[in-house]
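The chain is numbered in sequence order, starting from 1. Note that ligands are numbered from 1 as they come in the structure, with each ligand's atoms numbered from 1 the same way.
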Amino acid sequence: MKAEQVLNDLKRRFPNEPEYLQAVEEVLYSIEDEYNKHPEFDYYNLVERLCIPDRVYEFRVNWMDDEGKIRTNMGYRIQHNNAIGPYKGGIRFHSSVNLSILKFLAFEQTFKNSLTTLPMGGGKGGSDFSPRGKSDDEIMRFCQAFVLELGRHIGPNTDVPAGDIGVGGREVGYMFGMYKKLTREFTGTFTGKGMEFGGSLIRPEATGYGVVYFLQEMLATKGLDLKGKSVHISGSGNVAQYAAEKVLQLGGKVLTMSDSNGYIYDPDGIDEEKLAYIFQLKNVQRGRIIEYAKKYNCKYVGDGAKPWAEKADIALPCATQNELNGEQAQILVNNGCIAVSEGANMPSTPEAIKVFLDNKILYSPGKASNAGGVSVSGLEMSQNSERLSWTAEEVDNRLHAIMKDIHENCVKYGTCEDGYVNYVKGANVAGFMKVAKAMMAQGI
Ligand code: NDP
Ligand code: 2IT
């Protein structure tokens, strides 16, 4: 297999899908050497079969807004690969959603889910519907209309959706409710459900906590820990909030958080009390992060600015794809940043990743460090299957063990001759090997 050739072919076939091609390019180049040690992989044309999703559903969603106006949005579900388990992955509601973005996310999810050690294939779905500014009733009607179409493609042993950007407990609840009506069955077809109807304790916390558990493992390889370290966090949604909570618990200092309008910089640190305000602001009031700067009288930079030019020891990008470019990565490194643990999916551009690797700082790609969310989704599926629920402590212990395991696997496959751990290579190769072997065993 020649990565360049495969990539050129995909570029010719899918020329209008830049995010998808970006994600594929990174994986192809990092698995090329390992892949070519196995001629049997090429015989089965595993590389192409792994890059192209099993199937893609695309549909129109009609719903009625509060003024009685009929609105239309696009809906999608990408079932990327089910070699090691049912398709599994989140649903994103955001105005930017398109086929390219969901295909990149479903592709990444396949490797991420493989890394979790749990039996889950990869998928992703969503809509260009924007929940921003919509009433609760509108959100409910949209979720119901979306599931009217999506419902026929999913199932507890087929494809199990969950949350992502713009989709949290409220949206999962509405989607689950509609799905239950359509099928007349109570099954674990969605994860991230409410605690009263089959949700798992620690699922809301899981992605953010996992990002920090992974960071702890990386720091430990250098004999370091989080105590006293300053941390940049981007985003102020689910992942960012719980990453911040865990950083505080471990003695770190969170300096920044953001939303798509801009970021706040609090030199005194966002402490527990201020973080509780952010939880309230974002999850209940559904307000903007600028309100924090007004309340605590700290710096706010608008116009969609990112926090990376401020000085900190550690960066946790937890908002969205391509939110950290090469130039910003260089500023982080010049300012003495020692570690970047990604909470979002593909937040660093290829140029930014190159800067991190060239400077040999601790850098983990999202598919490794944000795998805690889907891992606890996998644990939610197990609990639903056995019709039991585990304690928060048990789920958290399992989450912690899974993040350690993923870290170990990255070290195993990503350690270079000079001892530097390339977590990008480690995660891609480790994730790939399991899926590849499963696909080979199952024939074409
Ligand atoms: P939320 O919707 O809860 O929060 C998203 C945050 O990112 C918000 O602060 C949002 O700001 C900001 N954001 C979203 N889009 C953009 C954009 N285009 N530019 C700038 N800021 C943006 O989502 P999550 O916290 O769940 O997801 C964050 C990231 O983590 C995503 O990349 C997601 O794929 C990834 N992830 C999520 C998991 C989960 O379990 N939820 C699991 C693994 C990864 P605003 O409110 O202004 O839009
Ligand atoms: O990107 C992700 O891993 C998620 N949004 C979580 C997926 C899941 O099925 O819990």
> Under a 4.0 Å N-O cut-off, is there an ion pair linking K274 with D266?
Replying inline: yes
> Should R170 and D136 count as an ion pair when the cut-off is N to O under 4.0 Å?
Replying inline: yes
> For F432, what residues pass the ring-ring contact (aromatic ring centres under 6.0 Å, His included) criterion, not counting sequence neighbours?
Replying inline: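 F432: ring-ring contact (aromatic ring centres under 6.0 Å, His included) contacts with Y35, F41.
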> Distance under 6.0 Å and angle within 45° of the ring axis: does K306 meet both against Y263?
Replying inline: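 No.
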>> Tell me whether the NZ or CZ atom of K103 lies within the 45° cone about the ring axis of F14 and under 6.0 Å from its centre.
In response: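 Because its charged atom sits under 6.0 Å from the ring centre and within 45° of the axis, K103 does stack over F14.
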>> Has E323 got a side-chain atom pairing as donor or acceptor with T320's backbone, closer than 3.5 angstrom?
In response: yes
> Is there a donor-acceptor pair under 3.5 Å between the side chain of S135 and the backbone N or O of E138?
Replying inline: yes
> Sequence neighbours excluded, which residues qualify as salt bridge (Lys or Arg N to Asp or Glu O under 4.0 Å) partners of K299?
Replying inline: E310
>> How long is the straight-line distance from OG of S234 back to CD of Q328, given to the nearest 0.5 Å?
In response: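 Result: 10.0 Å between the selected atoms.
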Present, as a list of atom pairs with distances to 0.1 Å, all nitrogen or oxygen contacts under 3.5 Å between ligand 2 and the protein.
unit_1: ligand 2; atom_1: 1 (O); unit_2: Q109; atom_2: OE1; d: 3.3
unit_1: ligand 2; atom_1: 1 (O); unit_2: K112; atom_2: NZ; d: 3.0
unit_1: ligand 2; atom_1: 1 (O); unit_2: K124; atom_2: NZ; d: 3.0
unit_1: ligand 2; atom_1: 1 (O); unit_2: N345; atom_2: ND2; d: 3.1
unit_1: ligand 2; atom_1: 3 (O); unit_2: Q109; atom_2: OE1; d: 3.4
unit_1: ligand 2; atom_1: 3 (O); unit_2: Q109; atom_2: NE2; d: 3.0
unit_1: ligand 2; atom_1: 3 (O); unit_2: K112; atom_2: NZ; d: 2.7
unit_1: ligand 2; atom_1: 5 (N); unit_2: K124; atom_2: NZ; d: 3.3
unit_1: ligand 2; atom_1: 5 (N); unit_2: G163; atom_2: O; d: 3.1
unit_1: ligand 2; atom_1: 5 (N); unit_2: D164; atom_2: OD1; d: 2.9
unit_1: ligand 2; atom_1: 9 (O); unit_2: K88; atom_2: NZ; d: 2.6
unit_1: ligand 2; atom_1: 10 (O); unit_2: R203; atom_2: NH2; d: 3.0
unit_1: ligand 2; atom_1: 10 (O); unit_2: S377; atom_2: OG; d: 2.5

> Listing by chain and number, which residues have a heavy atom under 4.0 Å from ligand 1?
Replying inline: R92, H94, K112, R132, D164, I165, G166, R203, T207, G235, S236, G237, N238, V239, S258, D259, S260, R288, C318, A319, T320, G343, A344, N345, N370
